[in-house]
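Data block below; observations after.
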Amino acid sequence: MSNKTKKQKTVTELLEEVMIPKEEHPYNLPANWCWVKFDASVISLSNRNKQLKQKEYKEAGRYPVVDQGQKRISGYTDNKDLVITEDLPVVIFGDHTRNIKWVDFDFVQGADGTKILKPKEFFYPKFLYYLLCVINLPDKGYSRHFKFLRESPLTLPPLNEQKRIADKVERLLNKIDEAKQLIDEARGTFELRREAILEKAFRGNLTAKWREDNTSIENANVLLENIIEKKRSSHIKINTNNIKNIEKSEMPFTLPNGWIWIKLGELAYYVTSGSRDWSKYYSDAGAYFIRTQDINTNKLVLDNVAYMELPEKVEGKRSLIEKNDLLTTITGANVGKCARVDFEISEAYVSQSVALTKLVDPRLSKYLHYSLISPVGGGGELKERAYGIGRPVLSLEDVKNIKIPLAPFDEQKEIINKIEQLLEKEDNSILLINLEKELNQMKNSILSKAFRGELSTNDPKEESAIELLKEVLQNK
């Protein structure tokens, strides 16, 4: 029986498999560059059977674990059978998070959704890493991120040009990172001062003199009794009725006269979070869908908000947001952040990673927000209650049971005034945020110019990237 010889593909056929037709080019490139297909240029080395499960992560160990989380290293393990030592360096892509990481050290592949990518010989690895960083991935559909990446065209310069671009980008981005570090240090100093102000506020120190001059104010117990009565007479479905009172032995410290320790849930009709399966309702317009990244500065910011179109009778509409609601992140890297809805908001809902606290008396909203970001008013306890390595979590019961130092209502107003007067003098965070935005814009500009051939590194006399492709493909 004779063996049939497999027909060998011509160079032209091989190039057609890799290159993108001219009519599909997103924009013009330098003459010696070309556009190539992702799947023909990048190999995925991921192995689901060799991914370390998140529950197996350790705080210390022999080998770092790299997954799709924000941190470069998400945990450690001693499992040497899973260690990846070959084919380095690689690029790690988080299919759920869209995070992209450069890894040039032995590591263990972390939880599901982590993609390990290795370029073919005609790509300089560091160049590919920066190239993937600049692709504008969609802000929706967890399972679609990698699909979108695979469908993205890639720019291919000559190999020496790739190296020059990677080196120049790295130098420029390092300078930006140094500037960001200075901003972080300045912000850290401000954060320490702000925490000191908030600690004094909720220990009663800021209003000690005020109390001396206002001895006839009502005890905070009167405020609590009014809230309890409103809850009793309300037709709203309540999930905060079974919260246990704080025993004297559980009180973190002694409060001023007239103050009482209560739990956040006692002041709320309910604490809830968004539905788990709403990602299928993502849309380009419609109701706001509030996620953890929208409140990671302890303030609700709608700059990059997601949208959704909900069916008429969908379950979970109790997570509708209104002015004076409190929002707390309960999963992810920003766990324990708390924002107050301080403006009238159109139709908006929280995601499953955000807890919504619906207060009985909305007048308490600003006081409680300051309390929940104070290290002694509830913010410290939120951090302590978070658990898990790599992905901390708070339950809704945790949020309900956060201990709050409740001042009489009139004193609350004075506390807010004092806090805002002091923070106005201290607060240079807006300036820092604007500087950081400018640096991010500069970073995006550098990356954009790099992959359009506008960094003044290209040598038009160098051999075309097409010749590089031919050489590699022929050798294969």
Stepwise salt bridge (charged side-chain N to carboxylate O under 4.0 Å, His left out) test for K175 and E178: CA-CA 5 Å; K175 291 183 182 297; E178 288 170 9; 5.7 Å; no
Side chain to side chain contact (heavy atoms under 4.5 Å, CB included) assessment of V169 paired with K126: CA-CA 10 Å; V169 166; K126 202 60 173 280; over 6 Å; no
R291 and D294: CA distance, side-chain angles, deciding distance, salt bridge (charged side-chain N to carboxylate O under 4.0 Å, His left out) verdict: CA-CA 6 Å; R291 304 152 301 161; D294 302 316; 3.6 Å; yes
Derivation of the side chain to side chain contact (heavy atoms under 4.5 Å, CB included) call for V90 and F107: CA-CA 11 Å; V90 294; F107 71 103; 4.0 Å; yes
Criterion salt bridge (charged side-chain N to carboxylate O under 4.0 Å, His left out) on E420 and K366, from CA distance to verdict: CA-CA 11 Å; E420 292 182 344; K366 185 179 281 192; 3.2 Å; yes
Verdict with reasoning, T77 to L82, per side chain to side chain contact (heavy atoms under 4.5 Å, CB included): CA-CA 9 Å; T77 180; L82 299 183; over 6 Å; no
Step-by-step side chain to side chain contact (heavy atoms under 4.5 Å, CB included) determination, I135 to L149: CA-CA 8 Å; I135 293 174; L149 190 70; 3.7 Å; yes
Derivation of the salt bridge (charged side-chain N to carboxylate O under 4.0 Å, His left out) call for K37 and D39: CA-CA 6 Å; K37 300 171 185 176; D39 278 348; over 6 Å; no
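No side-chain donor-acceptor contact under 3.5 Å links Y288 to the backbone of M308. Side-chain N or O atoms of E199 include none that pairs as donor or acceptor with a backbone N or O of P375 at under 3.5 Å. At least one donor-acceptor pair under 3.5 Å links the side chain of D398 to the backbone N or O of S395. Of the possible donor and acceptor atoms, one in the side chain of N444 sits under 3.5 Å from a partner among the backbone N and O of N440. A distance-only check finds a donor-acceptor pair linking the side chain of K358 to the backbone of L320 [under 3.5 Å]. Checking side-chain atoms of K101 against main-chain N and O of K71 turns up a donor-acceptor pair under 3.5 Å. Side-chain atoms of D104 never come within 3.5 Å of backbone atoms of P89 as a donor-acceptor pair (strictly under, hydrogens ignored).
Checked by atom type, the side-chain pair K461/N32 shows no donor-acceptor distance below 3.5 Å. Donor-acceptor pairing under 3.5 Å is lacking for the side chains of Y124 and N160. With 3.5 Å as the limit, one finds no donor-acceptor pair spanning the side chains of Q51 and T114. Using modelled atom types and a 3.5 Å distance limit, the side chains of E347 and Y349 yield a donor-acceptor pair. In summary, the side chains of E170 and Y129 do not present any donor paired with an acceptor at a separation below 3.5 Å, with no hydrogens or angles considered. Between the side chains of T329 and T292, not a single donor N or O lies within less than 3.5 Å of an accepting N or O.
Note: F289 and W278 have tilted aromatic rings, judged against thresholds of 30 and 60 degrees for the angle between ring planes. Aromatic ring pairs are classed by plane angle as parallel below 30°, tilted from 30° to 60° and perpendicular above 60°; the pair F38 and F146 is perpendicular. Note: Y27 and W35 have perpendicular aromatic rings, judged against thresholds of 30 and 60 degrees for the angle between ring planes.
Side-chain contact between R340 and L368 is absent, with no heavy-atom pair separated by less than 4.5 Å. Counting only heavy atoms from C-beta outward, the side chains of L327 and C338 never approach each other to under 4.5 Å. In this structure the side chain of L156 reaches within 4.5 angstrom of the side chain of F122, judged on heavy atoms. Considering only heavy atoms from C-beta on, L423 comes within 4.5 Å of R194 through its side chain. The side-chain heavy atoms of L128 and L154, taken from C-beta on, include a pair separated by under 4.5 Å. Looking at V341 and E322, their side chains never come closer than 4.5 Å, going by heavy atoms from C-beta outward. The closest side-chain heavy-atom distance from I345 to L300 is below 4.5 Å. Two residues are said to be in side-chain contact when any heavy atoms from C-beta on lie closer than 4.5 Å; L131 and T155 meet this criterion.
Under a cut-off of 6.0 angstrom, the local environment of CZ in R150 is sparse, with at most 12 non-hydrogen atoms contributed by other residues, nucleotides or ligands. Residue-environment remark: NZ (K323) exceeds the threshold of 12 foreign heavy atoms within 6.0 Å.
The minimum heavy-atom distance between G69 and D67, with the atom names listed, is N-OD1, 2.8 Å. Looking at every heavy atom in both residues, S41 comes nearest to V18 through OG-CG1, 4.4 Å. The two residues G286 and E309 make their nearest non-hydrogen contact at CA-OE2, 3.8 Å. Here the closest non-hydrogen pair linking M19 and L469 is CG-CD1, 3.7 Å. Nearest approach of D277 to Y281, heavy atoms of both residues: O-CE1, 4.3 Å.
The line from CD1 of I415 to NZ of K418 is 11.0 Å long, rounded to the nearest 0.5 Å. Here the CD1 atom belonging to I92 is positioned 4.5 Å from the CD1 atom belonging to I116, to the nearest 0.5 angstrom. Atom CG of residue L15 and atom CD of residue E17 lie 9.5 Å apart, to the nearest 0.5 angstrom. Summarising the geometry, atom OG belonging to S46 is positioned 4.5 Å from atom CD belonging to Q109; distances are rounded to the nearest 0.5 Å. The line from CG of L356 to CG of L396 is 10.0 Å long, rounded to the nearest 0.5 Å. Atoms CD and CD, on E467 and E462 in that order, are 13.0 Å from each other to the nearest 0.5 Å.
Between Y130 and the choices I165, I446, L173, the side-chain contact (heavy atoms from CB on, under 4.5 Å) rule is met once, by L173.
Note that R318 lies in the cation-pi zone of Y270, set by a 6.0 Å cut-off to the ring centre and a 45° limit from the axis. In this structure, K115 is not positioned above the aromatic face of F93 in the sense of NZ or CZ being under 6.0 Å from the six-membered ring centre and within 45° of the axis.
Note on K53 versus E56: no salt bridge recorded, every NZ/NE/NH1/NH2 to OD/OE distance being 4.0 Å or above.
Taking the six-membered ring for Trp and the full ring otherwise, W33 and F451 have centroids separated by 6.0 Å or more. In this structure, F105 has its ring center at least 6.0 angstrom away from the ring center of Y63.
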